[in-house]
Amino acid sequence: MSQLRINIIKSLICFFAIAALLVVFLRSLVPNISPLHVFPYIALGIFVFAFALYLTIIVRGGFNQWSINKGAIDPAWLWFATNPPGLDSITSSNTPAALAQDAINASAATSIACSVDIASSCSVTSMDSGSY
């Protein structure tokens, strides 16, 4: 069986279980009402709840993707006024990790320059890390 069919079957089982519980609750609350009259309202309520949940997931996912694409480190941090403690020291340019990344970028630029001009001696001593 495909995963889609399994998920549909699970969803239907959950739907009928919730509907049965609500019918039992409503029968004890209002004893003179027929379950056949209540079932369409229960189905409509479950559908509206599932649709609202689906819209919430789509909107929040779109916002999280948009914020990450605009340079946010984590969308949850938008709730706070400042960065977490220690993040500024990690992202500053004087840390060993940042210096190592600059060295990697410089060596990649040097290897590219040497591979383009094979006839030269490739005696590049330093490169500006901001030029890549």
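Transitive grouping of hydrophobic side chains (ILVMFWY, heavy atoms separated by less than 4.5 Å) brings V30 and L22 into a common cluster. In the hydrophobic clustering of ILVMFWY residues, with side-chain heavy atoms under 4.5 Å counting as a link, L21 and F16 come out apart. No continuous path of hydrophobic side-chain contacts links V59 to I57 [ILVMFWY only; heavy atoms under 4.5 Å].
For the atom pair L4 CG and I9 CD1, the distance stands at 10.0 Å (nearest 0.5 Å). Summarising the geometry, atom OH belonging to Y54 is positioned 4.0 Å from atom CD1 belonging to I58; distances are rounded to the nearest 0.5 Å. Separation of atoms CD (Q3) and CD1 (I8) is listed at 11.0 Å; rounding is to 0.5 Å.
Ring geometry for F15 against F39 counts as perpendicular: the plane angle is over 60°, on a 0 to 90° scale with 30° as the lower cut.
Annotation: ring-ring contact (aromatic ring centres under 6.0 Å, His included) contacts of Y41 (sequence neighbours excluded): none.
Hydrophobic cluster membership of F47, counting Ile, Leu, Val, Met, Phe, Trp and Tyr whose side-chain heavy atoms lie under 4.5 Å apart directly or via other members: none, as it forms a cluster of its own.
The shortest side-chain heavy-atom distance between F25 and L29 falls under the 4.5 Å cut-off.
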Please set out all donor-acceptor pairs under 3.5 angstrom arising from side-chain atoms of residues 62-70, sequence neighbours excluded.
| residue | atom | partner | partner atom | Å |
| --- | --- | --- | --- | --- |
| N64 | ND2 | R60 | O | 3.4 |
| S67 | OG | F63 | O | 3.2 |
| S67 | OG | N64 | O | 2.9 |
| N69 | ND2 | Q65 | O | 3.3 |

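Residue L26 comes nearest to I42 through the heavy atom pair CD1-CD1, 4.4 Å, listed as atom of the first residue, atom of the second, then distance.
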